[in-house]
Every structure is written in C-alpha cells, then in structure tokens.
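Working notes, structure below.
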Amino acid sequence: MYQPKPEHKFTFGLWTVGNIGRDPFGEPTRPIQTPVEIVHLLAEVGAWGVNFHDNDLVPIDATPTERDKIVSDFKKALADTGIVVPMATTNLFSDPAFKDGAFTSNDPKVRAYALQKTMNAIDLGVELGAETYVFWGGREGVETDVSKNLLDAQKWFREAMNYLCSYVKDQNYNLKFALEPKPNEPRGDIFLPTVGAMLGFIETLDYSEMVGVNPEVAHEHMAGLNFTHHVAQAWDAGKLFHIDLNDQAFGRYDQDFRFGSVNIKSAFSLVKFLEDVGYDGCRHFDAHAYRTSDIEDVKAFARGNMRTYLILKEKAAQFNADSEIQSLLSEISANDGSMNELTGSYSSDKAASLKSYQFDREALGKRGQPYERLDQLTVELLLGVR
Ligand code: GLT
Ligand code: MN
Ligand code: MN
C-alpha cells in the first residue's frame, strides 16, 4: 500500500534530494551526489520524474565538451532507470551577476544575459523531454524601493516573458511556462509575491495561453495565506500548470520541509482539492531533508513525501465516502432549489421578482451551521480513529 506509481506523477528536482545541507550559518553536512547518482536514488525510492535547473546538471562554467559528456551520461541514467524529465528551469539566482535580479535587473546587460541563459536552458530542457518550464524569480525584487522603478521592473519582466514565449513558438517547442511566486527570500521583497498577483500579471502577456502558475505550499504559507485557496483560484482560471509540494510553518524562513510534515490539515485540504478536481499534472516535491539527515535518511525523506500524499489521497476518498460527513455537507448547503429562478444568470424579470421577494432575515440569521461537528469528524478521520 501507498506505493508510488508512474500515474501519480511524483517528481523531485535534482536540487531537492541532492541538497547538501548548507544553510546561511553552516557548511554542507552531506556529500555532493552527481546527477546520475540522484537519478538512481529517485528510481530506488519509486519516483516518476526528475526536474532540474540548467546548472544543477551542467555547471555554469562547463566547456561544450564537458556539457556533452554530462548530458549523455544523464540521458543514459534516464534510459537505464525509466525516470522522465517533465519540467526544467533556469538558475537565475546563484551567480553574482544576478544579485539585482535577472529579467528585472537595473542593468540591461544582465537582463540580456538572463534571456540568453534561459534560451539555452530551454533548449537543454526540451532536449531531455521537458514540457513545462518553470520561472521562479528569486532575485527579481529589491531590498529598498528607491532602488528600482517598479513600473520599469514590471515592463522588463513582461518583455522577457513575451520574448521567451516567442522564442518557444519560433522553435516549435511543445512547452508551456509556469511562473512561481514567492513573497520574499532571498530578496527583501520579490515582485509578484503571490499566486493571485501572478495570475493578474499573466493576463497582460502577449501569449497568456502559454503561461500558467507553479504555486508552492511554503511560499503562500510564508505570506500567512491559505495555499489551497490560491490553488483553487489558479485551477478555476485554467492556470494550474505545475505544483510544488512541501511544508512550512507560518511566518518562518523558507523551510522547504517534507510534504505534510508541519500542517496535516492544510495538506489534506490540498490533496483533497487536487484529487477531487482531477488535477493530472506533476506532483513535484520541492523540499529537502533536514540538515541532520545522511543519504539513507534523504531516501526516507523522499519516500515520506510520496507516502504522505498517497495516505492523504486515501483519506480524501474516505471523507467523500463517509455517510455522516456527506449528510452534514448536504445539510450545510441547504439547497431546496427555491432560489433557482431568482438567481443565476441575470434577467430583468428575475431582478424584479428578487427585489419584491420577502426574506425572513431573522430566520436566516438563526440557522446554525454544524461546522464544529464536521471539523471534528475530519480531525478524527485524519487521526485514524474513524
Ligand atoms: C529554489 C526555490 C524553489 C524553486 C526552484 C526553482 S529553486 O529551491 O526555493 O521554490 O521552485 O527555481
Ligand atoms: Mn519551488
Ligand atoms: Mn521554497
């Protein structure tokens, strides 16, 4: 039971299980694993796919010969294990050139270099099979608002997205973009900090149909927001192109903990939402093991993400099949159909009837909702006593 299967589309970035345990205060605690080793580790734990930044695979200073050797070794590891590459992305944040951002750097040479680096990274991702391309603008922001014209920054970011969409079309690549918001860290403030902000921005792009979002649990939680609500808005807009699963205590630094390790209830509501609507994209775990883990414990971390997802998926099915829960839900919705002819799509007749309808306002206010009972049943279901 709870065995990952290809149809679950569980993926990990090279940077996730490959994380070496460095933090701003301490040196690495784990050895570097090569991309080939990471692919074998992912196959061993039962993952379906691997994602990467250009420089997770090919170091930024590799020669063309080194690049070709690395890529061919990686392709062999993929062929040997059956691991696929559904998503790729660009590292536009580690190199000092990007210290003031990439597409929104004040320096036009940096902005042009970011476009060049991204086109090359798109070529690499597509060569390895990626159909989704993620943009996480970790350095696209400021520490001080007087340092940047905020309207210029929006314009530059828009121009970059339009340029890169046109490049993808020009190459006839089958690739869509997924923009990943984050409120802060590593910049003091990052532009377009939430899923809602990103969805608004996408509508201003030339080829908005090619561009969706890649929401990450931890990023909305850092901002103190309800992640599932943002995912629902993205889904409703037809823009949930990818998702980064992990966990995070509210109000803390960027923790990237194992999925479901902090807030089981919000993880449950998320999995239930994704499964109920039939999301069939990647379930990408953008998390890393605690700094105290050795490689064996990293494998336990990787398995734990997938196992928790599958347990919560089972809990969601149990919730949907629970007759007591379902009868409370129908009591809550209280739909006797009597309002159907007054609401829904507008007509002037409807509006006239609705304006003259006599509501019993006091009775409406007196009607209780059994949310305490419903929530306790949910908690008991999650705790395994139901
Ligand atoms: C980085 C970041 C993530 C992004 C990755 C893609 S890299 O680890 O914290 O949220 O998804 O660039
Ligand atoms: Mn992420
Ligand atoms: Mn993160």
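Because the structure is predicted, anything quoted here is derived from the model rather than measured. Read the numbers this way: they start at 1 and go in the same order the structure lists the ligands and their atoms.
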Next on the checklist: Considering both backbone and side-chain atoms of His53, is one of its nitrogen or oxygen atoms within less than 3.5 Å of a nitrogen or oxygen in ligand 1?
Outcome noted: yes

Checklist entry - Less than 4.5 Å apart, any side-chain heavy atom of Phe201 and any of Val211? => result no

Item to check | Ring centre gap for Tyr290 and Phe257 strictly below 6.0 Å | outcome: yes

Next on the checklist: Check Asp152 with Lys148, please: is the shortest side-chain N to carboxylate O separation under 4.0 Å?
Outcome noted: no

Next on the checklist: For Asp244, which part has a heavy atom under 4.0 Å from ligand 1: side chain, backbone, both, or neither?
Outcome noted: side chain

Checklist entry - Should the pair Phe103 and Phe135 be assigned to parallel (<30°), tilted (30 to 60°) or perpendicular (>60°) ring geometry? => result tilted

Checklist entry - To which protein heavy atom is atom 3 (C) of ligand 1 closest, and what is the distance rounded to 0.1 Å? => result Asp286 OD2, 2.9 Å

Item to check | Distance-only N or O hit between ligand 1 and Asn214, under 3.5 Å | outcome: no

Item to check | Test item, Val134 contacting ligand 1 (heavy atom, 4.0 angstrom) | outcome: no

Checklist entry - In terms of residue, atom name and distance, what is the protein heavy atom nearest to atom 8 (O) of ligand 1? => result Trp15 NE1, 3.4 Å

Item to check | Candidate pair Arg386 and Glu380, rule salt bridge (Lys or Arg N to Asp or Glu O under 4.0 Å), full reasoning | outcome: CA-CA 6 Å; Arg386 217 176 143 67; Glu380 293 191 12; 5.2 Å; no

Next on the checklist: Which atom name would you report as the N, O or S atom of Asp256 nearest the Mn ion (ligand 3)?
Outcome noted: OD1

Next on the checklist: Tell me whether the Mn ion (ligand 3) has Asp244 as a neighbour, meaning an N, O or S atom of it below 2.8 Å.
Outcome noted: no

Checklist entry - Nearest 0.5 Å, what's the OG1-OH distance between Thr118 and Tyr113? => result 9.5 Å

Checklist entry - In terms of atom number and element, which parts of ligand 1 are under 4.0 angstrom from non-hydrogen atoms of Glu180? => result 3 (C), 4 (C), 10 (O), 11 (O)

Checklist entry - At the Mn ion (ligand 2), what is the angle formed between atom OE2 of Glu180 and atom OD2 of Asp286, rounded to the nearest 10°? => result 160°

Checklist outcome for this item: shortest atom 1 (C) of ligand 1-to-protein heavy-atom contact is with Trp136 CZ3, 3.8 Å

Checklist entry - With respect to Lys182, which candidate in Asp286, Asp244, Asp254 satisfies the salt bridge (Lys or Arg N to Asp or Glu O under 4.0 Å) definition? => result Asp254

Next on the checklist: Given the ring of Phe268, does Lys315 sit roughly above its face, with NZ or CZ under 6.0 Å from the centre of the six-membered ring and within 45° of the axis?
Outcome noted: no

Next on the checklist: Please report, to 10°, the angle around the Mn ion (ligand 3) from atom OE2 (Glu216) across to atom NE2 (His219).
Outcome noted: 80°

Checklist entry - More than 12 foreign heavy atoms under 6.0 Å from CG of Leu364: is that the case here? => result yes

Item to check | Ligand-side contact atoms (ligand 1) for residue partner His219, heavy atom cut-off under 4.0 Å | outcome: 10 (O)

